[in-house]
Amino acid sequence: LGFFDTLVTFQITATDTAYNESVVAEASFTLDTKTPGDIRSLVMKNLTVEIEDAGYSNDVTRLEWLAPSAADADSYAVYYKLDDGAYSALAAGINDLFYTVPVGVTATDGEITFKVTSMDEAGNESAGIISEFTLDTVAPVFTVTYVNNNTSNVTAIDGNTLNFVE
């Protein structure tokens, strides 16, 4: 019938066994299949927040974005993934243009990718915009060797240890 993304109106009547026909009733609907526009300018920020009544603060990751150009998004959804894994939902139905990532989500070393999508009233979801970073909390291990030209003594620095021989 081809009534996607347009207003469709039906006129309905009922007929009983004596062939009496009811008054015409009208019903209208729109079958929305168009995805909303994607958000713009996804930015990831590291913030320090004070924990109320606890006497300490914590670093958190906050995602901020701009609404799509077209006014067709009703809410937003946030997803994340670690390395090449599958996306996991963090939140849906967000009405603000920001989201604070729960502590612990960004605590694992690797490439962390966040994706924010737009959603409309019909549940259509945009492809989304991503922001990613690599978390590496492992200190580098290094070795430096110095050979004194006058002697056969060797000075080696390995990791965090300094060995010096004279």
Side-chain angles (χ1 to χ4, degrees), residues 1-14 24-144 157-161:
L1 289 169
F3 44 75
F4 296 106
D5 301 316
T6 92
L7 180 65
V8 176
T9 302
F10 288 97
Q11 292 185 338
I12 304 165
T13 60
V24 174
E26 217 171 71
S28 298
F29 70 92
T30 300
L31 181 60
D32 178 6
T33 62
K34 290 167 52 174
T35 59
D38 268 320
I39 63 156
R40 299 173 293 129
S41 185
L42 177 59
V43 177
M44 191 178 342
K45 294 182 176 181
N46 187 49
L47 302 175
T48 300
V49 294
E50 298 297 322
I51 309 301
E52 279 188 44
D53 302 324
Y56 65 91
S57 62
N58 208 348
D59 287 341
V60 296
T61 302
R62 181 172 162 142
L63 303 172
E64 297 178 0
W65 57 88
L66 297 175
S69 302
D72 57 353
D74 295 306
S75 65
Y76 306 97
V78 177
Y79 302 87
Y80 84 102
K81 71 175 182 171
L82 180 62
D83 297 322
D84 292 327
Y87 279 104
S88 296
L90 285 174
I94 300 168
N95 294 314
D96 297 314
L97 296 175
F98 64 88
Y99 177 74
T100 302
V101 178
V103 174
V105 169
T106 57
T108 305
D109 280 8
E111 184 174 273
I112 298 171
T113 304
F114 292 104
K115 177 170 77 168
V116 178
T117 62
S118 302
M119 301 182 80
D120 66 13
E121 285 181 345
N124 299 314
E125 189 171 15
S126 70
I129 301 295
I130 65 168
S131 182
E132 57 192 14
F133 71 98
T134 300
L135 180 63
D136 182 359
T137 60
V138 178
V141 177
F142 59 91
T143 301
V144 176
I157 302 171
D158 188 12
N160 296 327
T161 305

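The shown structure was predicted, so the numbers you read here are calculated from the model rather than taken from an experiment. Just so you know, residue 1 is the first one in the sequence shown, and it goes up from there.
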Give the C-alpha distance, both sets of side-chain angles, the deciding distance and a yes or no for side chain to side chain contact (heavy atoms under 4.5 Å, CB included) between Ile130 and Leu42.
CA-CA 7 Å; Ile130 65 168; Leu42 177 59; 5.6 Å; no

Reported OG1-to-CG distance for the pair Thr61 and Asn46, which is rounded to 0.5 angstrom:
5.5 Å

To the closest 0.5 Å, what do you measure between CG (Leu90) and NZ (Lys115)?
12.0 Å

Side chains of Tyr76 and Ile39 in contact at under 4.5 Å (non-hydrogen atoms):
yes

Looking only at heavy atoms, which two atoms of Lys34 and Asp120 are closest? And how far apart?
O-OD2, 3.2 Å

CD (Glu111) with more than 12 external heavy atoms under 6.0 Å
yes

What closest approach, in Å, do Ser41 and Leu66 show between heavy atoms, and which atom pair accounts for it?
CB-CD1, 3.9 Å

Which residue, Asp38, Val43, Val78, forms the side chain to side chain contact (heavy atoms under 4.5 Å, CB included) with Trp65?
Val78

Show the atom names and distances, to 0.1 Å, of all donor-acceptor pairs under 3.5 Å that link a side chain in residues 7-14 to residues at least two apart or in another chain.
from  : atom 1 : to    : atom 2 : distance (Å)
Thr9  : OG1    : Ser28 : OG     : 2.9
Gln11 : NE2    : Glu26 : OE2    : 3.3
Thr13 : OG1    : Glu21 : OE2    : 2.9

Heavy atoms only: give me the nearest Glu125-Thr35 pair and the separation to one decimal.
O-CG2, 3.4 Å

Lys81 side, atom NZ; Ile112 side, atom CD1 - distance, nearest 0.5 Å
12.5 Å

Main chain of Gly85, side chain of Asp83: is a donor-acceptor contact present, judged purely on distance under 3.5 Å?
no

Flag, side chain of Asn124 to backbone of Pro36, donor-acceptor distance under 3.5 Å:
no

Once ring pair (Phe, Tyr, Trp, His ring centres under 6.0 Å) is applied, what residue pairs with a partner in residues 83-130 remain, sequence neighbours excluded?
none

Is there a side-chain contact between Leu135 and Thr108 in this structure, where contact means two heavy atoms from C-beta onward sitting under 4.5 Å apart?
no

When you measure from the side chain of Ser126 to the backbone N and O of Ser118, does any donor-acceptor pair fall under 3.5 Å?
yes

Is it the case that the side chain of Arg40 and the backbone of Ala67 share a donor-acceptor pair, with hydrogens and angles ignored and the cut-off at 3.5 Å?
yes

Do you know the tightest heavy-atom contact between Gly128 and Thr117?
CA-CG2, 3.7 Å

Closest heavy-atom contact between Asn95 and Ser75?
OD1-CB, 3.8 Å

CG-CD distance between Asp96 and Glu64, expressed to the nearest 0.5 angstrom:
11.0 Å

